[in-house]
Number of protein chains: 2
Amino acid sequence: MRVTIKQIADLAGVSRGTVDKVLNNRVGVSEEVKRRVQRIANELGYRPNIIGKALSFQKRPIVIGVVIPVKSNPFFTEITEGIYKAYEDFKDFGLKIEMRETDHLNSQEQLDVLNEFHKMKVNGIAVPALDDTIIKNKINELVSDNIQVVTFASDIHNSNRLCFVGQDLYKSGQVAGVLMAKLLRNKGNVAIITGSFNMLAHNDRIEGFQSIVDTLPDIKIIDIVECLDEDYIAHEVTNAVIEKHKDIDGFYIAAAGIKGFSQSIEAHNYKDKAIISYDLTETTKVLLRNDVIDFTITQEPIEQGYKVIELLFEYVFKGIVPKEDFIKVKIRIITKENMD
Amino acid sequence: MRVTIKQIADLAGVSRGTVDKVLNNRVGVSEEVKRRVQRIANELGYRPNIIGKALSFQKRPIVIGVVIPVKSNPFFTEITEGIYKAYEDFKDFGLKIEMRETDHLNSQEQLDVLNEFHKMKVNGIAVPALDDTIIKNKINELVSDNIQVVTFASDIHNSNRLCFVGQDLYKSGQVAGVLMAKLLRNKGNVAIITGSFNMLAHNDRIEGFQSIVDTLPDIKIIDIVECLDEDYIAHEVTNAVIEKHKDIDGFYIAAAGIKGFSQSIEAHNYKDKAIISYDLTETTKVLLRNDVIDFTITQEPIEQGYKVIELLFEYVFKGIVPKEDFIKVKIRIITKENMD
DNA sequence: CTGAAAGCGCTTACAG
DNA sequence: CTGAAAGCGCTTACAG
């Protein structure tokens with residue numbers, strides 16, 4: 001049988017309430033009693049039983065606020081799915097989730113939600129943080145008010161958030177580079193479609209890709225173009241790239257815009273080129289099935305959403321600090337037959 | 001606030017013990033009271049709080065017996081890791097795990113362990129079942145004694161086990177086929193190294209592989225040889241295959257023996273061939289890093305071990321029946337940069 | 001068949 | 001500073 005507070009109380013000759021205070025660093029215990037209880041607990045190897053704790057927390061639920069950019073984005077739909085999965089697993093422990101949708105690119109709106117959560121005195125917050133000083137300051141303010149913050153999908157630098165959950169973008173670019181090299185058997189010309197040269201995320205992926213390809217003398221990156229994550233621009237720039245270079249062997253799509261891109265590819269009958277994209281959406285699924293795309297690389301969004309809630313809950317409820325500052329989600333390679 | 005047994009009891013004008021009996025189909029309640037309580041519970045949408053239940057189960061732990069083939073096998077080492085992960089997550093609910101190692105191929109030994117678990121009156125059993133009538137009969141006997149059995153890694157047909165957790169072997173062969181086709185750009189000669197033509201598991205993979213390759217007129221399977229999962233045999237047969245056919249472009253290793261195989265490949269300086277294997281071991285990691293193997297396909301053993309325990313625990317503790325008879329683990333494609 | 005009480009392990013509000 | 005009691009939601013052994 002496991003050691004309980006009752007056993008420690010009996011051995012120390014004090015009440016259970018007192019033991020609880022010592023073990024949880026609450027005030028109001030004499031130094032002498034504190035030491036005695038602590039020693040006995042250590043000797044017996046006491047580990048709190050979270051079930052007992054959870055039951056006594058039923059009246060006082062743990063509230064986690066989640067900021068989610070407009071759900072139209074399929075990536076965030078899956079993140080949300082993972083969040084609800086975690087909610088189902090932890091709700092009997094007293095977990096409550098407060099979801100707020102925002103416009104992805106508006107930091108004032110994100111700030112408003114954070115302020116709302118602050119007023120509500122939630123226990124923790126999960127947010128795909130916009131890299132803006134007002135957001136950073138707000139996060140630090142929340143943390144100093146003992147409201148823990150976990151960032152996901154996009155991180156904010158130099159803030160006091162507990163940790164960041166997301167993809168290792170550079171690494172995911174390297175995986176794309178390795179796949180491209182294998183598809184091209186180390187030889188050929190590659191065009192890259194990126195979102196924006198101003199987006200750190202996109203640049204990290206491209207740098208990872210280059211770190212692999214640059215070691216292979218016969219693979220050349222012949223062009224890098226921006227599509228601003230818009231399908232109609234992706235369509236246009238892909239057309240332009242194809243017109244400009246007659247000898248393209250592979251395409252690496254490092255951002256959104258895959259639909260517009262693929263229209264151009266299909267119009268030019270370029271299906272047999274080596275093509276690598278990101279994320280698993282209805283569009284990429286169809287393109288994989290039709291042998292347009294060879295591989296798409298995902299960041300396991302469901303697991304990611306689950307993890308964010310799990311980490312916050314474990315910190316708030318059990319006091320467990322995440323092992324790493326940056327919790328990397330697995331990089332998954334998807335092709336025709338392993339989509340589900 | 002969630003609906004509790006107390007609320008139902010108050011509304012129904014009975015005691016909480018009586019409500020408990022109704023909700024859990026225990027005997028000793030009059031038809032009239034049963035109906036009344038049931039109706040109120042339904043109207044309020046009662047869902048049991050597992051924390052309350054878990055706390056009252058502390059004295060009466062749930063014991064799950066696990067049969068694990070000799071741990072020298074790295075695949076089962078990872079399975080075991082997943083099992084302990086699940087144990088950590090559920091131990092406060094009162095879960096106990098009893099591990100027994102057996103020799104993989106000895107069904108008498110496996111039977112002995114099952115008998116031991118039967119005598120111990122464990123609540124559930126996880127076993128990589130050997131496909132033998134004595135094992136099947138024992139499983140059915142256990143189930144009829146209300147000891148649930150989940151098979152994993154290898155299933156046993158026509159038994160009353162709750163479900164099987166494992167890889168979709170045919171599908172994993174298809175994934176290998178797709179990868180091979182991409183590496184060869186749909187053209188080339190492939191040799192297959194399998195374990196044994198008598199092993200269903202190996203044949204399923206090969207059939208999946210063929211289902212893809214057979215649709216591609218320019219890919220030919222020029223040889224299929226057995227290595228009986230032994231490295232020294234794999235070494236020999238690979239040597240023989242290479243001597244026999246001068247024009248091999250790819251190798252598909254559908255079973256164990258990768259170490260012996262790779263020695264032959266490296267000796268012949270065949271690193272640049274398209275090569276696909278299974279599982280992520282120290283050997284395959286090194287071979288991926290050194291560009292010998294292009295891809296290895298895994299069945300997420302840690303998640304698999306976790307899942308087995310989770311399913312048994314949920315069934316025994318919460319009465320949740322697995323959604324499927326065959327719980328398929330995700331098929332993961334591993335290459336140089338996404339090994340961890 | 002039914003109810004009252006005790007207990008699982010932990011926390012808290014209150015009395016002293 | 002310390003203890004006794006009550007409570008979280010569910011289950012069980014026992015009395016009637």
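Reminder, nothing fancy here: chain letters follow the sequence lines and each chain counts from 1. Fair warning: this is a prediction, and the values are worked out from it, not measured in the lab.
Residue N146(B) qualifies as open at atom CG: its count of foreign heavy atoms under 6.0 Å is 12 or below. Environment of CZ in R47(A): sparse, with no more than 12 heavy atoms of neighbouring residues, nucleotides or ligands closer than 6.0 Å.
Among the atoms of the strands shown, base atoms are found under 4.0 Å from some heavy atom of R16(B). Contact annotation for K21(B): base contact, defined as any heavy-atom pair under 4.0 Å involving a base atom. When heavy atoms are screened at a 4.0 angstrom cut-off, R2(A) is found touching no nucleic acid atom at all.
Of the residues in residues 45-53 of chain A, none has a non-hydrogen atom less than 4.0 angstrom from any atom of DNA chain D. Residues from residues 27-38 of chain A lying near DNA chain C, meaning a heavy-atom separation below 4.0 Å, are absent.
A 4.0 Å heavy-atom criterion places the boundary nucleotides of DNA chain C facing chain B at dC1(C) to dG9(C), written 5' to 3'.
Residues K85(B) and E88(B) are not paired through a salt bridge, judged by the lack of any N-O separation under 4.0 Å between the basic side chain and the carboxylate.
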Pairs of donor and acceptor atoms involving the side chains of residues 156-165 of chain B, under 3.5 Å and at least two apart or interchain, shall be tabulated with distances.
| from | atom 1 | to | atom 2 | distance (Å) |
| --- | --- | --- | --- | --- |
| S159(B) | OG | R161(B) | N | 3.4 |
| N160(B) | ND2 | N140(B) | OD1 | 3.4 |
| R161(B) | NE | D155(B) | OD1 | 2.9 |
| R161(B) | NH1 | D325(B) | OD1 | 3.1 |
| R161(B) | NH2 | D155(B) | OD2 | 3.0 |
| R161(B) | NH2 | D325(B) | OD2 | 3.3 |

Which atom pairs, one a donor and one an acceptor, fall under 3.5 Å between side chains of residues 52-69 of chain B and the rest of the protein, sequence neighbours left out?
| from | atom 1 | to | atom 2 | distance (Å) |
| --- | --- | --- | --- | --- |
| K53(B) | NZ | F317(B) | O | 2.9 |
| S56(B) | OG | K53(B) | O | 3.0 |

Verdict with reasoning, Q110(A) to I135(A), per side chain to side chain contact (heavy atoms under 4.5 Å, CB included): CA-CA 8 Å; Q110(A) 186 163 96; I135(A) 300 296; 3.7 Å; yes
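Take the nearest nucleotide of DNA chain D for T18(B) and for A54(B): the residue whose nucleotide is more 5' is A54(B). For R26(A) and L55(A), each mapped to the nucleotide of DNA chain C holding its nearest heavy atom, the one lying further toward the 5' end belongs to L55(A).
Residues satisfying the salt bridge (charged side-chain N to carboxylate O under 4.0 Å, His left out) test with K328(B), not counting sequence neighbours, are D168(B). Taking E78(A) as the reference, nothing meets the salt bridge (charged side-chain N to carboxylate O under 4.0 Å, His left out) condition, with sequence neighbours excluded. Residues satisfying the side chain to side chain contact (heavy atoms under 4.5 Å, CB included) test with L11(B), not counting sequence neighbours, are I40(B), L44(B). Contacts of R36(B) classified as salt bridge (charged side-chain N to carboxylate O under 4.0 Å, His left out), with partners at least two apart in sequence or in another chain: E32(B). Listed by chain and residue number, R100(A), M120(A) satisfy the side chain to side chain contact (heavy atoms under 4.5 Å, CB included) test with E116(A) (two or more places apart in sequence, or in another chain). For the ring-ring contact (aromatic ring centres under 6.0 Å, His included) test, no residue two or more places apart in sequence or in another chain qualifies with Y87(A).
Between F93(A) and F93(B), the two ring planes are perpendicular [angle over 60°; tilted spans 30° to 60°].
Helical stems involving DNA chain C, defined as 3 or more consecutive Watson-Crick or G-U pairs under 3.5 Å, span C:1-3 with D:14-16, C:5-12 with D:5-12, C:14-16 with D:1-3.
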